[in-house]
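Proteins come first, then strands; the chains are lettered A, B, ... in the order of their sequence lines, and each starts at number 1. Since we're looking at a predicted model, the values are computed, not measured.
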Protein chains: 2
Amino acid sequence: MDKKITIYDLAEALNVSPATVSRALNNHPSISFNTKKRIVSYAQSSGYRINKFAANLSKQKSNTIGVIVPKLNSPFMSDALSGIEKVANEHNYNLIISQSLESEQKEKLNAKTLYDSGVDALMVSLAYETTNYEHFEIFREQKIPLLFFDRVDYFPNCPTILIDNRQAGFDATEHLIQQGCKNILHVSGYLKRNAYNNRFNGFKDALYKHKLKFTPYNLYETDLDPKKVEFVMEHIKNSKEKFDGIFFANDAMAVACIQALLKEGVQIPKDIKIIGFNNNPVSEIIQPNLSTINYPGYELGVLAGQSIISHLKGNINIQSAESILLKHELIVRTSSISNK
Amino acid sequence: MDKKITIYDLAEALNVSPATVSRALNNHPSISFNTKKRIVSYAQSSGYRINKFAANLSKQKSNTIGVIVPKLNSPFMSDALSGIEKVANEHNYNLIISQSLESEQKEKLNAKTLYDSGVDALMVSLAYETTNYEHFEIFREQKIPLLFFDRVDYFPNCPTILIDNRQAGFDATEHLIQQGCKNILHVSGYLKRNAYNNRFNGFKDALYKHKLKFTPYNLYETDLDPKKVEFVMEHIKNSKEKFDGIFFANDAMAVACIQALLKEGVQIPKDIKIIGFNNNPVSEIIQPNLSTINYPGYELGVLAGQSIISHLKGNINIQSAESILLKHELIVRTSSISNK
DNA sequence: CTGAAAGCGCTAACAA
DNA sequence: TTGTTAGCGCTTTCAG
């Protein structure tokens with residue numbers, strides 16, 4: 001059982017042609033029930049395993065989906081990947097996952113490798129840095145389905161799956177305003193990534209609607225790495241007019257900042273009301289519990305997986321590049337509630 | 001540029017043989033510098049891309065590493081995967097990641113698929129359920145490197161990478177004892193998984209060393225799903241002799257339990273001292289901050305990746321199936337400190 | 001250093 | 001329903 005068995009070996013042993021063996025093993029319609037049974041059962045007992053290299057070469061497809069994410073170890077992203085994997089697995093697709101680590105160059109390299117590896121489809125969540133999208137062109141040229149999720153950009157005929165960030169940003173901000181905030185700071189991710197840009201726009205929309213003024217001081221742009229919380233703190237302390245509310249573009253930074261603020265004796269929500277984004281598990285553990293926007297990573301992954309697989313199976317006509325807006329949800333906890 | 005270019009096309013265009021093109025593209029030693037240069041540069045300009053299906057078939061290897069984990073969306077596991085991916089990526093290996101979702105059957109299926117997909121190596125963290133290891137035999141037979149990490153079991157000649165769970169369990173427990181605890185509960189994962197079994201043994205070692213008695217009440221076995229915290233709470237409340245310390249086999253459950261205990265008016269660490277396991281980010285956010293054992297997921301991933309790649313590149317002689325014990329570390333925070 | 005040619009193992013169009 | 005026969009595109013001996 002050490003040498004590998006091929007369909008030729010099976011064919012010889014059973015006195016049929018390799019083609020018949022192949023048909024039997026692939027549930028091809030035109031084969032008699034009996035020979036099929038005979039072949040399949042013999043294949044099993046002999047320990048035959050298909051050689052996918054050969055099958056892939058012959059079919060020019062791999063049953064493999066490539067995924068590129070900025071980093072796979074964030075609660076949101078690992079939830080999304082988990083959802084994608086589950087769906088893919090159920091449909092017998094393998095997942096090749098790679099990280100861009102927020103670098104455009106790595107993203108390009110990964111895209112190239114995945115293309116060369118012959119993935120049947122590619123799912124991408126963009127790196128912070130990426131501004132140029134040439135590396136995805138080849139997928140389009142070769143008609144390999146391409147889907148963007150969470151951190152997306154406009155790409156003709158490519159489905160995107162994410163939430164309505166502008167509306168979510170609006171909802172978060174308006175909530176703070178309704179709690180009485182007049183001078184709100186928005187701590188944003190890099191604005192060139194339009195997930196963040198849209199949250200910021202929603203923020204401005206809400207200020208505008210409620211006739212609150214917006215100055216450059218009301219925005220602080222960062223990579224949202226919680227380790228850099230001190231810079232946010234500095235910005236907060238240096239502002240002439242004290243902020244009475246902060247809307248963070250993610251929970252991790254919000255939590256880090258709450259801890260820093262509490263250490264300085266600031267009272268939350270009394271002095272400053274705070275809302276985050278994502279509904280990261282920590283938001284229910286920090287004291288006070290963090291209000292946030294629920295952005296369901298796992299569900300997003302499942303939907304993204306289903307979408308791409310429908311594509312691959314031809315259940316969706318390609319041109320109707322369907323984009324999906326997931327529902328977000330405002331979750332009000334104590335960090336943002338006025339104490340009346 | 002729509003039709004795919006093969007080495008035959010290049011060969012024809014340049015008046016050389018396909019073999020020469022192949023050699024040029026693969027840095028084969030026996031080829032003249034000039035023809036190589038000529039071929040490589042033409043290949044570039046013509047937009048040639050290798051067809052890995054064919055290369056894999058011919059070489060019977062794929063530059064792909066398979067990974068099976070219980071679930072990929074836990075902080076620990078996603079850190080580990082991130083480390084593995086980084087190393088793999090640097091060495092031009094692709095990673096196919098799949099989840100067993102704690103099911104032995106799925107694990108078997110995944111192993112089969114990955115084998116059929118022709119992975120060059122397999123890395124596994126075992127599902128809760130798995131008790132039978134036949135599905136890995138084929139890898140051994142075919143001399144495909146196999147490595148277990150975190151949730152491992154004994155498998156002849158297979159490297160394993162993890163921490164010394166017994167010692168870590170001992171350290172955690174002894175710490176509680178040194179803080180004055182006399183009746184300590186251990187909330188364990190499933191004991192058939194020996195990561196947990198060993199933590200439990202370390203727990204007993206410490207009790208024994210310090211002459212504390214151990215009764216079945218001092219152990220509560222669970223799947224560590226924080227949603228099931230109520231059962232743990234029940235156990236705690238039903239115990240005749242009140243516990244004054246709890247050692248949790250993971251932080252997620254510890255945190256859930258702390259929240260439940262606080263809600264009941266229990267004071268931590270005054271009434272009950274608590275220590276967790278993993279150094280999950282939440283441990284620094286919960287009030288009181290959770291003492292724990294640091295189990296560095298990312299570093300583990302990096303080491304595991306390096307180990308398997310050394311194997312693949314033949315830098316390590318196969319039989320010295322080197323196992324690595326990562327250093328763990330006791331992290332003392334407020335949840336376990338006696339108030340003297 | 002280069003070329004010819006034989007695979008790698010499977011699939012699929014065409015014939016029978 | 002089954003068999004024959006070309007590929008799929010690359011690698012690699014073996015000659016030259």
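Listed by first then second residue, pairs satisfying salt bridge (charged side-chain N to carboxylate O under 4.0 Å, His left out) with a partner in residues 85-104 of chain B read B:Lys86-B:Glu90, B:Glu102-B:Arg151, B:Glu104-B:Lys108, not counting sequence neighbours.
Whole-Å rounding puts the A:Lys37 NZ to D:dT1 P distance at 16 Å. Rounding to whole angstrom units, CD of residue B:Glu12 and C1' of C:dG3 are separated by 15 Å. Distance A:Asn63 CG to C:dT11 P: 12 Å, rounded to the nearest Å. To the nearest angstrom, C1' of D:dT1 lies 13 Å from NZ of A:Lys36. Atom P of nucleotide C:dC1 and atom CZ of B:Arg38 are separated by 15 Å, given to the nearest angstrom. Rounded to an integer number of Å, the gap from CD1 of A:Ile39 to P of C:dT11 is 13 Å. Atom pair A:Leu10:CG and D:dG3:P shows a separation of 13 Å (rounding to whole Å applied).
B:Gln60 CD: more than 12 foreign heavy atoms inside a 6.0 Å radius. Residue B:Glu137 qualifies as enclosed at atom CD: its count of foreign heavy atoms under 6.0 Å is above 12.
Under the 3.5 Å distance criterion, the side-chain polar atoms of B:Ser22 are left unmatched by any main-chain donor or acceptor of B:Pro18.
Taking side-chain N and O atoms only, B:Thr20 has a distance below 4.0 Å to OP1 or OP2 of C:dG3. Side-chain N/O atoms of A:Ser22 include one lying less than 4.0 angstrom from OP1 or OP2 on C:dT11.
Judged by a 6.0 Å distance limit and a 45° cone about the ring axis, A:Arg140 is positioned over the six-membered ring of A:Phe155.
Listed in residue order, the members of residues 25-35 of chain B having a heavy atom less than 4.0 Å from DNA chain D are B:Asn26.
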### Task
Output, in order, the C-alpha distance, side-chain angles, deciding distance and verdict of side chain to side chain donor-acceptor pair (under 3.5 Å) for B:Ser32 and B:Thr35.
CA-CA 6 Å; B:Ser32 84; B:Thr35 43; 2.8 Å; yes
### Task
Just do the side chain to side chain contact (heavy atoms under 4.5 Å, CB included) check on B:Asp120 and B:Ile144 with the steps written out, would you?
CA-CA 6 Å; B:Asp120 296 342; B:Ile144 297 170; 5.9 Å; no
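Between A:Tyr115 and A:Gln142 the shortest side-chain heavy-atom distance falls below 4.5 Å.
Taking the six-membered ring where the residue is Trp, B:Phe136 and B:Phe148 present perpendicular rings, their angle passing 60° and hence far from 30°.
In this structure, B:Val16 reaches the sugar-phosphate backbone alone: every heavy-atom distance under 4.0 Å involves primed, P, OP1 or OP2 atoms, never a base.
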Any protein N or O atoms within reach of nucleotides 6-9 of chain C? Criterion: under 3.5 Å, listing atom names and distances.
{"residue": "C:dG7", "atom": "N2", "partner": "B:Ser58", "partner atom": "OG", "Å": "3.4"}
{"residue": "C:dC8", "atom": "O3'", "partner": "B:Gln60", "partner atom": "NE2", "Å": "3.1"}
{"residue": "C:dG9", "atom": "N2", "partner": "A:Ala54", "partner atom": "O", "Å": "3.3"}

